[in-house]
Structures are given as structure tokens and as C-alpha cells.
Amino acid sequence: MDQGSAAGTGGTLISLSDSEQRCYSGLYALCQPDSSGKLAAGKVAELFRASQLPAETLHQVTEVCGAKRLGYFGCGQFYGALKLMAAAQAGLPVRLESIAGELPLPVFVGITNELEMRYPNQPLTNESQSHILGSVTGSAPRPPADRPVLRHPDTSMDKQEVWSPPQSPGISPPRSPSAYRSYPYGAQRNGTDTLLVYEAKVPGLPSVPQENSSPSHYSLRLQPEQPVITRVASVERLVERVEVDYSDDPWRITEEQREYYTIQFRSLQPDLSALIMGTVAKNFFTKSKLPILELSHIWELSDVDKDGALTFPEFCTAFHLIVARKNGYPLPETLPATLRPGFVEAAVVTAPPSEKIGSVDLQMTSRQGVTTKQEARDESRKPEFSPKRIPEPHEKPTQHVSTLKPDSPQELDANMKSRTRPRSYSSTSIDDAMKKVEEPPTPPPRPQKTHSRASSLDLNKLFQQSGQGSRRSQHSLSAKSGWLPPPPALPPRPPATQIFSFIPGSEKSSQKVVQQPNFADFSKFREEQETSVRGGLSTEDLTPPKLDSTVVHQGHAPQKPVRRKIHPESQSATPPSATPYSAATLTKSTQRPPPKQKREIQMAIRKNRETNAVLTRLNSELQQQLKVVHRERVTLESQLELLRPVAST
Amino acid sequence: FLICVAIRANYPLYIRSVPTQGELKFHYTVHTSLDVVEEKISGVGKALADQRELYLGLLYPTEDYKVYGYVTNSKVKFVIVVDSSNTSLRDNEIRSMFRKLHNSFTDVMCNPFYNPGDPIQSKAFDSIVSTMMVQAC
């Protein structure tokens, strides 16, 4: 969404001050924009009513801002509408011209104080604080949560906090009323201004300018006091909000994501400036288990130079699109501006080198894992992961990995996942959230095992050199090289549930026999890895520690699940290797070759069979044609014979 | 009316017509036009990528339309059927349409996720065809 600087009314650009921007973006988030930026009509209507403007004025506003024409409120229309309402409340006519100038913020009655309460821990950054102190009207204590994450130095921190407990989806609804209420509160009371401020919608501010400066001062002063209040306090709400805010810009690549992508790129192609060939990329992205049609679309979007290969920015774009898609965002029709290669390239240049594997990577991955939630909630999880992980990384760096891993395994077994989903994430606090998140349908994994096999085969070949032979070893990233070489799946999907389902399934020899061995092995890994993180993951048959580990692993390394899946297929004979992570690698690698070869052989056999079928068909057709031609020839010859005696005689 | 078809090995990969009613008639026309295309490319050993015009002037009592054909180097045929009442469409425009089709098709081919022989489901391809057809009509 644009930063609000352009209200799309009639194409005129309307500039917004910082406070207005913050306020509006907060309101925008309140109105529950969906992924395409459209706002929920109900929420918008509620907000409009809260402005206490006469109905006809509201109609005028709707018309002027262009929403009537479009039929919905996009970001630009919404901002335009807010400005128009501010103008109307200030007594100006509802026209575009009237909002061209500086206006006080619109007041919305009934917008909450709840919001204020809710966001007491609004992460105020220093700059916001100073901002508040600085200007009477403009200072929005609101953290730049709605701004792209990249912007602020402690954005990631905010993210973490914000994301921590994504949990209850129910938080969102309560937030909106509170947001609404906060507006009038700001106007009326000073005491709770801090809360208002936190709302970050600058609820108090809009009214403040209108009233008088003293209340605003109050609010301003109060704001700084509260700033660093427990971010954790109503993290949920914050998270919700932040999630919504972040969801405003799902097409922007965060730093951690970029580093993750860099690592993945390196795994495919060591030279960052070189290209990834189409087939290599195809195998890689196929692991994400997205339908081919969507992958094809993502490719079209990201391969800007249409050369059949991906440069690093293109790769980041494609990966990011896959991540977004995995999280439930619909694919855009055209490439968003923030994902264009030029943009990505610039960001890449500034991105820190991705050599820092280890805890940092782990954190990233964990964050990554979190981000891949199906809904915004996932993102909230991520931050939680990172703080969690940070204390633990030294103990078990793999934990991060595992958290991320769950995503991919989930992908794998979308079908199976039904109940196992909740278990995916190991982090205790996140477990619930994860469960919820996982419940929502993930894109169905590729049905054919062959796909996974093929990819696994390729992966294997690709990653042979990394010495991680077995996919599992790849999973163990943390233990090994820190990042899985082939990131088959999207990072954060909570695959853990799937894994869980697999494990039990394997024990019961359910349909996914192939995967079962994997999981079985995998779970063994997990056990060793970390049990602390996991907490109550328990699938029906899996032992909790196993689950946890699997989940953790899965969460961490999306690709891992894919690999794992493949492993079972290939290593059906070696399910319970139960070798420790580090040791497992070795064992796995030894076990791998035979399964791989078997699979390769099977693949080759299949291909040959298909070719045989095609050739047989061709052969039969040609045979028929031959017969026809032969018959004609015979007829012609007989005619010739008939004519010859005539000619001869 | 305008219809564009991309055909590979005599079965269509992509069919798009602007008025979506009465499509069947166009499908039939396209199918019969394939014979003419085959005849032309088998006769001419060179210049496979020539844009050929078919049935120019084929007029039925009830319907009149022109069929244009185009073949790529890989024997992928493109057929465009236009209503004769669209006299505003000139040969050059048809040629440019075929060129655009060819370019978009190449882009689709570049996509590693696209298996040759699959129906073309690329949104980019769709959008290019749509704009083209809107311009022509």
C-alpha cells in the first residue's frame, strides 16, 4: 500500500503529514484490509459512522474519494476518505481542493480506548518519542509498525515482539472497536492518552488538534512515558495489529528474508552474480509444493528479463512470492513495486552478507519460519521465535531450524495434516498460534511422490557436495552448515503437523508410507535435538519429544520436510536410523545412495515406459498408414496391369 | 469477432475468442484451416515462419470471415479468425498480432514450469492476447 501520500481520488496526489499517515495507516489496518488492499466494508462503514458526520456528507466523501466508483475502499480511497472526513469535521466542504492543505486529523467517536489499552506496549521507538515531543499535532507515537520492516533499526525487534503471540484471531475484532474509541478518548481525556498514542493511530491526536493544545500536550507527554512498556503486554493485540500492518506490505522483503534467500541462492549457485538455470530453479521451487500453475505464474512474474534463468534479485522475488503464497496471499497479477528487480537489487546490495550462519541464521530462519504463516499470525510467531531462539540458540541451534521446518513438512502432507497441524511449532507460546495457523488449509502438496522424488533426487545431487548427503542432515542445518542447501519448500509453513501425522501414520502404515520412514527417522533426529522447545506437541502416536524435534526441525528448515519426505521414499529400508543429528548425516549419506539409486532407476523405468507407450502408439499409427498406402499401391498396380495389356495390344 | 488459436501438433494449446458466444463455429473453422496450413508448410521448404494468409475472401452466404495463419520454427501454428466486417484490420496489423503472439509464446516456453504440450495457462499470455483482441475489435 502506498504510504498514503497519494490518495487515489481522481488521480490527484494529496500529501499527508506524518501524523496523518500514521493515523490513517492505523485506521487502515483497523478496517481489516485483505491481501489485495481492499478494506472490509463493514469496518469502513463503522469507522465512518464513528466520525459522526451526517450521512449525506459520508456519501459525498465516498464519492469524492473514488470508492464509489471503484466499489471498494482501497488504500488510496481510504486515505482520501479520511482526509475528506477531517475536512468535513473542520467545516470545510467535501471537495478535493479542501483536502489539499494541512488538516487536523479526523475524529472518530467510539473508537477506542480499548485500543489504547490494548496497545500499551506499542513499541515506541525513540524517534517516535521524540517525534511526539517535537510536534503537537504530528507526533504519532505509533511505532512505524505499518511501515516496512526494513525501515527502522529496531523494526526487527518490534517485529519480534509484535509477532510473539499471534494467537487468537479473535483479537482483531476487539481491536477495531477499541481503535475507534480511542479517538474520542484522546480528545476527552488526557490520562489515557498514552494508550491512545499507542494505538498508533494517533487517536488522541486527531482530536487533540481540534480541541486545544493542552490535551495534546498531555497526551504527548504521556506517550513518552509509556513507550517502552512491556511490549509483551498485549502483544497479541499488537501482534494482530502489526500483523495487519505488516500485511499491508507483504510484498516487501525483510532483511531476514533476504538473508535467507541469499543462503538459498548460494546453495543453488555459489556465485551471487550468476544465474540459476530454469531447470534448477524449477526443481527447487517445486519443493515448495505449490501447484505448478502458481509456480509458473510466479516465474512469469519474477523472470523479468525472460531469459529462462533467475538472477539473484529475480530469485529473491520468486522466493518471496512463494513465501507469500504459502502464507495465503493471493498472487498479484503484476509484480509489486517493492519486488521489482531494481528494488530487490538495491536491497540486496545493502543486505548484510549472509555468511553469518549459526545463531544468526537460525534466528533468521526461525523468523522466516514464523513469517510463513498462512495468515498474518504466522508472522507474529516469528518474532516470538526469534526472541525465544536467541536465548537458546547456543544450546540448540537446531531448534530454530525445527521451528521453521514444520512449515515445509506441513506442506508435504497437506492431506494428512488435519489434526496434526496444531502441533507443528515447537515453541511453547507459539504452539497455540501455530496450531491455529496450521489449521487453515495450506496449499495442497504435490500429490505425486514422483515430484518429490525427482526433486529429492536433484536435491541430493545438488547437495551431495555439501556433505550432508541425507536430507536429514540438511535439516539439521544448524548442526551442519547452518542452512539447508536446497530449500525445497517455503520456509515458514508449519509443516510440523504434517510431519506429525506422518509419524503416526508411519507407525500405522498409512497411505503415506513413503514419508513415514522419513519422519520416523526425522523424529529420531528431533529427539536428540531439542525437546525443550517443543512443548506439547503430541501427535497421536508420536512421542512428544519426537514430535517436538520434528516440528522444530520442520519449522526451521522448510526444505527439510521435503527432503525428509523424500528420504523415506528412498530409504524405506532405513527408517529408524535414529542416529543423532550429526551422526545421522553420515549414516544417512551411506544409506542414501542405494535408495537414491533405486529411485533413480524407478524414475528411469517410468520414463522409459512412457516413452515406450508413445512409441508403440506411433508405431501402430504408422503401421496403419503403411497398410493404407500399401493398399493404394496394390490398387494402382492392378489398374496398371489392366491398362498395360491395352497399351501393349 | 476475433479468435486466436495456438496449435501444436494439431491440437490446440490455447483458444481465445472475443465474443464468447458462437465459439464452436470458430473452433470448427480453425480446425479446418489447419489442413490448409499443413498444405502450405509442407509445400514450402523454407520460410516456415512466414505469415500466411488463408481464406482471404472466403465468404459464406451467412458468415464471412478471414483466417490467417502463422507457423513458428517449431511447427507451432497460430491461427487468427477475424470477421470480414472488420475491414479496418490490415495485413500489417495481422502481422504485428502474430509477432506479439509469437513473442508471448516464447515467454511462456521460457518458463521452466511449462511443459510443452500443456495448455497455456499463463496469465501474462492471456493478458497480451486480451489487449490485442481488444485493440483489433
Side-chain angles (χ1 to χ4, degrees), chain A residues 268-269 275-311 314-315 317-319 321-322 325 330-335 443 446 448 450-451 454-455 458 488 607 610-611 613-614 617-618 621, chain B residues 4 6-16 18 31 34-35 37-39 41-43 49 72-78 96-135:
Chain A
L268 290 180
Q269 168 68 268
L275 297 172
I276 290 186
M277 298 318 297
T279 40
V280 170
K282 171 183 179 178
N283 293 331
F284 182 81
F285 291 130
T286 301
K287 297 190 190 113
S288 71
K289 306 266 172 225
L290 280 182
I292 293 208
L293 190 55
E294 297 191 4
L295 287 172
S296 175
H297 187 61
I298 287 176
W299 176 277
E300 276 178 4
L301 286 178
S302 48
D303 187 10
V304 184
D305 50 7
K306 299 281 179 220
D307 57 356
L310 296 179
T311 63
E314 290 175 345
F315 176 84
T317 309
F319 209 124
L321 286 170
I322 289 181
R325 183 75 190 108
L331 287 180
E333 292 298 317
T334 55
L335 206 54
R446 286 272 172 83
Q448 321 83 1
T450 49
H451 272 287
S455 38
D458 292 336
K607 285 188 192 134
E610 288 165 14
T611 324
V614 171
R617 234 179 293 130
L618 263 177
E621 286 175 15
Chain B
C4 298
I7 302 136
R8 176 200 166 93
N10 293 330
Y11 67 87
L13 299 178
Y14 183 84
I15 290 187
R16 186 73 166 282
V18 161
H31 189 76
L34 284 181
D35 284 339
V37 177
E38 284 287 341
E39 172 192 326
I41 60 175
S42 60
T72 69
N73 291 330
S74 54
K75 299 289 177 72
V76 176
K77 309 169 191 65
F78 293 97
S96 69
M97 283 167 72
F98 275 126
R99 217 172 307 127
K100 271 191 238 169
L101 274 177
H102 195 174
N103 285 336
S104 321
F105 183 75
T106 313
D107 290 341
V108 169
M109 279 290 160
C110 275
N111 190 331
F113 296 103
Y114 172 76
N115 299 318
D118 288 352
I120 296 178
Q121 288 156 321
S122 143
K123 293 191 193 146
F125 192 83
D126 282 346
S127 64
I128 289 183
V129 173
S130 311
T131 45
M132 211 172 62
M133 298 177 91
V134 164
Q135 283 172 357

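Any value given below was found using the heavy atoms of this structure, including those in side chains, with hydrogens, waters and symmetry copies removed. Naming convention: chains lettered A, B, ... in sequence-line order (proteins, then strands); numbering from 1 in each chain. Just so it is clear, the structure is predicted and the values come from calculations on it, not from any experiment.
- Atom CD1 in A/I292 sits 6.0 Å away from atom CG in B/N115 (nearest 0.5 Å).
- Ranked by non-hydrogen atom pairs under 4.5 Å with chain B, the options A/S296, A/G308, A/A281 are led by A/S296.
- Partners of B/D107 according to the side chain to side chain contact (heavy atoms under 4.5 Å, CB included) rule, which considers only residues two or more places apart in sequence or in another chain, are A/K306.
- Between the CD atom in A/E300 and the OH atom in B/Y114 there is a gap of 11.0 Å [rounded to 0.5 Å].
- The shortest heavy-atom contact between B/P112 and A/W299 is CD-CE2, 3.0 Å.
- Contact annotation for B/D118: neither backbone nor side-chain heavy atoms come within less than 4.5 Å of a heavy atom of chain A.
- Residues of residues 119-129 of chain B having a heavy atom under 4.5 Å from any heavy atom of chain A, listed by number: B/Q121, B/S122, B/K123, B/A124.
- Using cut-offs of 30° and 60° on the angle between ring planes, the pair B/F113 and A/F285 is tilted.
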